[in-house]
Amino acid sequence: MKDETIAIIGYGVQGPGQGLNLRDNGFNVIVGQRKGATWEKAIADGWVPGETLFEIEEACERATVIQYLLSDAAQIELWPVVKKHLTAGKALYFSHGFAVTYKERTQIVPPSDVDVILVAPKGSGTSLRRMFLQGRGLNSSYAIYQDATGRAKERVIALGIGVGSGYLFETTFRNEVYSDLTGERGTLMGAIQGILSAQYEVLRENGHSPSEAFNETVEELTQSLMPLFAENGMDWMYANCSTTAQRGALDWMGPFHDATKPVFEKLYNEVASGNEAQRSIDSNSQPDYRENLNKELAALRNSEMWRTGAVVRKLRPENN
């Protein structure tokens, strides 16, 4: 891809990690971003206005590969601007299957004469960049929705490696967004917060201190046990715990499975029907979206469990 110009459109969640990794790997990269606080962040990261940093429309015009990394709602808003610069032979790159899979709702229908490809790192852009700087890779899925040039596969594999993937596994745009939305709302974010808060509340209601409740609910999980099953699997983590812990875990995993599987089935059906996508579009398109989001995040941050967590984190050995 030595003759390609890659435009990172949007320098928010995924843009910095992918753009900086591509730049460090020797690709010809520019950034397209509206002026404002994020524009200034791009400058702080070494992107130079008029050389490697441009307004969105100029970046799209200069690019042969447009990495469309805006939020899903912003992609809908900016699509008319981006589409008019998708001339024959270019590539349109996504890191989420949302826009194309739900095209009836987003109205994002790429021209037939461009490659449409996807690389979806399985983690945040912050994690992608941190792991790259540590000499590690974050696993990513890849997909080809449209191969107009005959080069879509070599483009997507090169870009997948360039952004810092540990390994790449093949998927489809549809499967990526269905699994991603389910995972985010499920074990990765939504379910884990729900389960943690439920256990914390039961411990507190039965007289346990905030510190004890947090350590038994969150701190031991994240600092001791998750690294073990990340390393060698859940059975290996079980094998490295007491026999009492093993017995209880094996006995209680069934009831938790049976209690939560219907919730996951309902969640997946909501994703597959497009209802979750529509809720996201409707919410994230509101003019006061950011203000309302910050209120919800502040409520989470100010809950007793996470205020306790802030204190506990300060007491970790590396912070003393």
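Scope of the values below: all heavy atoms of this structure, side chains included, with no hydrogens, waters or symmetry mates.
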Polar side-chain atom of [X] near backbone of [Y] as donor-acceptor pair, under 3.5 Å:
| X | Y | result |
| --- | --- | --- |
| Gln107 | Glu104 | yes |
| Lys90 | Cys60 | yes |
| Asn240 | Trp236 | yes |
| Asn319 | Arg313 | yes |
| Asn284 | Ala73 | no |
| Gln246 | Cys241 | yes |
| Arg185 | Gly190 | no |

So does [X] pair up with [Y], basic N to acidic O under 4.0 Å?
| X | Y | answer |
| --- | --- | --- |
| Arg129 | Asp24 | yes |
| Lys83 | Glu57 | no |
| Lys295 | Glu291 | yes |
| Glu4 | Arg151 | yes |
| Arg155 | Asp115 | yes |

Applying a strict under-4.5 Å side-chain criterion to I, L, V, M, F, W and Y, I'd like to know whether [X] and [Y] cluster together.
| X | Y | value |
| --- | --- | --- |
| Phe54 | Val82 | no |
| Ile161 | Ile8 | yes |
| Tyr238 | Leu221 | yes |
| Leu70 | Ile108 | yes |
| Phe98 | Met189 | no |

Can you see which heavy atom on [X] is nearest to which on [Y], and at what distance?
| X | Y | result |
| --- | --- | --- |
| Pro49 | Ile43 | CG-CD1, 3.8 Å |
| Gly10 | Leu69 | O-CB, 4.2 Å |
| Asp45 | Pro16 | OD2-CB, 4.4 Å |
| Gly125 | Gln14 | N-NE2, 3.4 Å |
| Ala213 | Thr217 | O-OG1, 2.7 Å |
| Pro262 | Asp258 | CD-O, 3.2 Å |

Reported [atom1]-to-[atom2] distance for the pair [X] and [Y], which is rounded to 0.5 angstrom:
| X | Y | atom1 | atom2 | value |
| --- | --- | --- | --- | --- |
| Glu265 | Lys261 | CD | NZ | 5.0 Å |
| Arg62 | Thr52 | CZ | OG1 | 10.0 Å |
| Leu128 | Asn139 | CG | CG | 11.0 Å |
| Gln33 | Ile56 | CD | CD1 | 6.0 Å |
| Met305 | Ser197 | CE | OG | 5.5 Å |
| Ser71 | Tyr289 | OG | OH | 7.0 Å |

How about [X]: does its [atom1] atom have over 12 heavy atoms from other parts shown lying under 6.0 Å from it?
| X | atom1 | answer |
| --- | --- | --- |
| Arg290 | CZ | no |
| Phe256 | CZ | no |
| Arg279 | CZ | yes |

For the residue pair [X] and [Y], establish whether any side-chain heavy-atom pair is separated by less than 4.5 Å.
| X | Y | answer |
| --- | --- | --- |
| Tyr268 | Tyr178 | yes |
| Val156 | Ile144 | yes |
| Leu159 | Ile117 | yes |
| Leu118 | Tyr93 | no |
| Asn206 | His208 | yes |
| Gln193 | Leu300 | yes |
| Thr106 | Gln75 | no |
| Pro121 | Gln18 | yes |

| task | Could you walk me through whether Tyr11 and Leu53 pass side chain to side chain contact (heavy atoms under 4.5 Å, CB included), step by step? | result | CA-CA 11 Å; Tyr11 204 72; Leu53 176 60; over 6 Å; no

Could you tell me whether the side chains of [X] and [Y] share a donor-acceptor contact shorter than 3.5 Å?
| X | Y | result |
| --- | --- | --- |
| Trp39 | Glu55 | no |
| Gln146 | Ser112 | no |
| Glu176 | Thr171 | no |
| Gln223 | Glu219 | no |
| Gln278 | Asp282 | yes |
| Glu276 | Tyr102 | no |
| Asn175 | Ser179 | no |
| Tyr68 | Trp79 | no |

| task | Dump the intermediate steps for side-chain hydrogen bond (donor to acceptor under 3.5 Å, both in side chains) on Glu216 and Tyr200, then the final yes or no. | result | CA-CA 8 Å; Glu216 291 294 344; Tyr200 181 89; over 6 Å; no

| request: Apply side chain to side chain contact (heavy atoms under 4.5 Å, CB included) to Ser165 and Val119, showing your working. | output: CA-CA 9 Å; Ser165 302; Val119 175; 4.2 Å; yes

| said: Could you go through Asp72 and Ile281, starting from their C-alpha distance and side-chain angles, then the distance that decides it, and tell me whether this counts as side chain to side chain contact (heavy atoms under 4.5 Å, CB included)? | reply: CA-CA 7 Å; Asp72 295 320; Ile281 292 169; 5.9 Å; no

| task | Measure from the ring center of Phe94 to the ring center of His96 and say whether it is less than 6.0 Å. | result | no

| said: Tell me whether the NZ or CZ atom of Arg23 lies within the 45° cone about the ring axis of Trp47 and under 6.0 Å from its centre. | reply: yes

| Audit row: Ser141, Lys122, side chain to side chain contact (heavy atoms under 4.5 Å, CB included) steps and yes/no | CA-CA 7 Å; Ser141 59; Lys122 297 296 104 179; 3.8 Å; yes

